[in-house]
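Some notes on the structure that comes next.
Just so it is clear, the values below take in all heavy atoms, side chains as well, and ignore hydrogens, waters and symmetry mates.
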Amino acid sequence: MAGKEKPGIIDCDVHPIPKSLDQIRQYMPKFWRDRFRGGGRGLFYGNPSHGMRLDSNPPDGGPAGSDPQFVRKQLIEEYNMKHAILIPRENSCQFPDLDYGNAIASAYNEWIADTWIGPDNPDGVFKSSIVINHSDPIASAKEIDRWAGHKHIVQVTTDSGARFLMGHRNFHPIFEACCRHNLPLAIHPGLDGIGINILPSPGNPSHYIEWHTCMSLSFMAHLVSLLTEGTFERYPDLRIVLVEGSSTWIVPLMWRLDMEYKALRHEIPWVKKRPSEYLRDHVRITSQPLERPDSDEDMMHMLRMMDAEHILMFSSDYPHWDFDSPKLAFPRLPEKLYNRIFFENAQEFYGLA
């Protein structure tokens with residue numbers, strides 16, 4: 001695109017982080033406030049080096065991703081971004097006490113509304129997500145109803161860690177609320193095998209590198225569940241975003257599922273067409289962490305096979321350690337494909353101006 005100014009990027013995965021837990025506690029009833037110690041991700045696996053970009057801590061102190069103005073400078077202005085879609089990591093879906101999980105999710109939504117998408121966001125650069133405790137679908141639907149309609153809310157988000165696969169009827173109240181308010185549901189890695197949730201593998205990995213490499217397993221299982229349970233036939237307006245679970249696995253997975261469907265579609269008569277044919281209308285997948293083969297030519301072939309022109313949306317995962325720079329993550333792309341991935345797909349899917 002030499003000689004032309006590229007359109008503003010839409011980053012579909014940016015993580016706001018509280019300066020301290022007191023920012024969250026102030027939105028909790030006293031009973032829960034005294035109990036809250038950060039939600040407790042309880043991860044078996046911590047990054048052996050560091051979990052954040054080393055340059056992402058604000059100059060005046062505080063954790064990475066905790067200062068909206070510094071995020072504007074380091075991310076929005078640096079990369080000419082039109083919007084950053086915020087995905088808070090509140091870790092509310094792991095607790096047997098569902099009321100406690102609901103209180104955490106509700107407090108995070110209040111904090112985001114006041115701190116990131118309130119009066120200090122007059123240009124609407126920051127868009128955000130309603131966090132829900134999907135372990136309590138009825139309460140989740142009420143939380144969606146409470147926040148839907150906010151001018152800077154563009155989706156609902158929840159963790160991949162769960163007790164049921166996402167196509168299960170347990171989640172129907174959440175799907176109904178998303179459709180009622182025309183909001184996509186974003187699924188983000190987190191809490192797999194933690195607390196009340198199931199780990200999507202035969203056992204626990206020994207090392208962080210194993211765990212991080214295999215994050216995609218739960219996304220594969222959830223997507224196959226959504227497709228084979230007939231979710232998009234039951235809810236034709238439902239839209240799903242798969243965030244931070246990598247992306248190129250979708251090619252062989254859909255090849256296999258379409259092949260299985262040819263022989264086994266009598267088992268799932270509610271699925272009216274090949275599973276892969278639902279993707280363009282209902283599913284988007286974000287780019288980070290982007291697998292890069294040694295050959296850029298191979299990467300371009302993979303983008304074509306996965307229909308990246310229509311289903312892939314750029315994400316950086318700021319401020320995490322494996323941040324994908326918009327300038328470095330992809331090989332050189334044709335102008336049309338660049339615009340689709342970095343701007344147009346998200347603009348259309350989220351209805352952004």
Side-chain angles (χ1 to χ4, degrees), residues 16 18 21 24-43 86-113 128-150 153-200 218-219 221-223 225-226 229 231 234-235 237-243:
L21 295 183
I24 306 303
R25 288 193 185 99
Q26 66 178 314
Y27 298 108
M28 291 180 160
K30 188 175 187 306
F31 173 75
W32 299 120
R33 190 186 313 152
D34 293 344
R35 178 175 172 180
F36 181 60
R37 295 292 181 270
R41 191 177 298 192
L43 285 176
L86 306 177
I87 299 183
R89 304 297 304 123
E90 90 299 347
N91 306 303
S92 65
C93 303
Q94 61 180 303
F95 302 104
D97 187 336
L98 300 184
D99 291 330
Y100 180 45
N102 295 337
I104 294 171
S106 177
Y108 266 80
N109 288 324
E110 295 277 4
W111 164 68
I112 284 289
S128 196
S129 314
I130 304 168
V131 296
I132 57 171
N133 170 23
H134 66 55
S135 297
D136 189 343
I138 300 299
S140 294
K142 292 179 180 178
E143 190 71 6
I144 295 168
D145 289 339
R146 185 164 78 103
W147 288 103
H150 189 294
I153 293 284
V154 297
Q155 68 181 4
V156 178
T157 190
T158 195
D159 287 301
S160 57
R163 291 177 291 172
F164 301 97
L165 292 171
M166 281 290 165
H168 195 279
R169 67 186 63 181
N170 181 70
F171 298 112
H172 285 184
I174 296 173
F175 300 158
E176 289 164 2
C178 287
C179 292
R180 187 159 60 243
H181 299 289
N182 193 31
L183 292 173
L185 173 64
I187 304 170
H188 187 285
L191 303 180
D192 297 275
I194 306 300
I196 62 177
N197 298 319
I198 298 168
L199 189 70
S218 61
F219 284 79
H222 285 314
L223 180 58
S225 174
L226 287 162
E229 293 280 0
T231 307
R234 179 183 292 271
Y235 299 105
D237 296 325
L238 181 65
R239 293 171 293 146
I240 298 291
V241 188
L242 305 177
V243 181

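Here the closest heavy-atom approach between residue Ile132 and residue Glu143 is recorded as CG2-CB, 4.4 Å. The two residues Ile153 and Trp147 come nearest to each other via the heavy atoms CG1-O, 4.1 Å. Shown here for Ala141 and Pro173, the closest heavy-atom pair between the two residues is CB-O, 3.6 Å. The shortest heavy-atom contact between Phe171 and Leu165 is CE1-O, 3.4 Å. The minimum heavy-atom distance between His222 and Phe164, with the atom names listed, is CE1-O, 3.8 Å. The heavy-atom pair separating Ser135 from Cys93 by the smallest distance is OG-O, 3.0 Å.
Between Asp159 and Gln94 there is no side-chain heavy-atom pair separated by less than 4.5 Å. No side-chain heavy atom of His134 sits less than 4.5 Å from a side-chain heavy atom of Asn170. Contact of the Tyr235 side chain with the His172 side chain is registered, since non-hydrogen atoms from C-beta on lie closer than 4.5 Å. Here the side chains of Tyr108 and Pro18 are in contact, with some heavy-atom distance below 4.5 Å. With contacts defined as side-chain heavy-atom distances shorter than 4.5 Å, the pair Arg89/His188 qualifies. For the pair Met28 and Ile104, the minimum side-chain heavy-atom distance is below 4.5 Å.
Counting only N and O atoms by type, the side chains of Asp145 and His181 include a donor and acceptor under 3.5 Å apart.
For the atom pair CG (Asn109) and CZ (Arg146), the distance works out to 6.5 Å, reported to the nearest 0.5 Å. Atom-to-atom distance recorded for Met166:CE and Thr231:OG1 is 11.0 Å, nearest 0.5 angstrom. A distance of 12.0 Å separates CG in Asp237 from CG in Leu183, rounded to the nearest 0.5 Å. Rounding to the nearest 0.5 Å places OG of Ser160 at 3.5 Å from CG of Asp192. Once rounded to the nearest 0.5 Å, the distance linking CG of Leu185 with CD1 of Ile240 reads 4.5 Å. Interatomic distance, CD1 of Ile144 versus CD1 of Ile130, reported as 6.0 Å (0.5 Å rounding).
Side-chain atoms of Ser225 never come within 3.5 Å of backbone atoms of Ala221 as a donor-acceptor pair (strictly under, hydrogens ignored).
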Check the pair Thr157 / Val243 against side chain to side chain contact (heavy atoms under 4.5 Å, CB included), numbers first and verdict last.
CA-CA 9 Å; Thr157 190; Val243 181; over 6 Å; no
Verdict with supporting geometry, Asn197 and Arg163, side chain to side chain contact (heavy atoms under 4.5 Å, CB included):
CA-CA 5 Å; Asn197 298 319; Arg163 291 177 291 172; 4.2 Å; yes
Report the C-alpha distance between His150 and Ser128 in whole Å, list the side-chain angles of each, state the deciding distance to 0.1 Å, and finish with yes or no for side chain to side chain contact (heavy atoms under 4.5 Å, CB included).
CA-CA 10 Å; His150 189 294; Ser128 196; over 6 Å; no
Using the side chain to side chain contact (heavy atoms under 4.5 Å, CB included) rule, take Glu110 and Gln26 through it: C-alpha gap first, then chi angles, then the decisive distance, then the call.
CA-CA 10 Å; Glu110 295 277 4; Gln26 66 178 314; over 6 Å; no
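Around CZ of Arg33, the count of heavy atoms belonging to other residues, nucleotides or ligands within 6.0 Å exceeds 12.
Both tests hold for Arg35 against Tyr100: distance to the six-membered ring centre under 6.0 Å, angle to the ring axis within 45°.
Tested against Asn133, the residues Thr158, Asn102, Asn91 include a single side-chain hydrogen bond (donor to acceptor under 3.5 Å, both in side chains) partner, Asn102.
By the 4.0 Å N-to-carboxylate-O rule, Arg25 lies too far from Asp34 to be salt-bridged with it.
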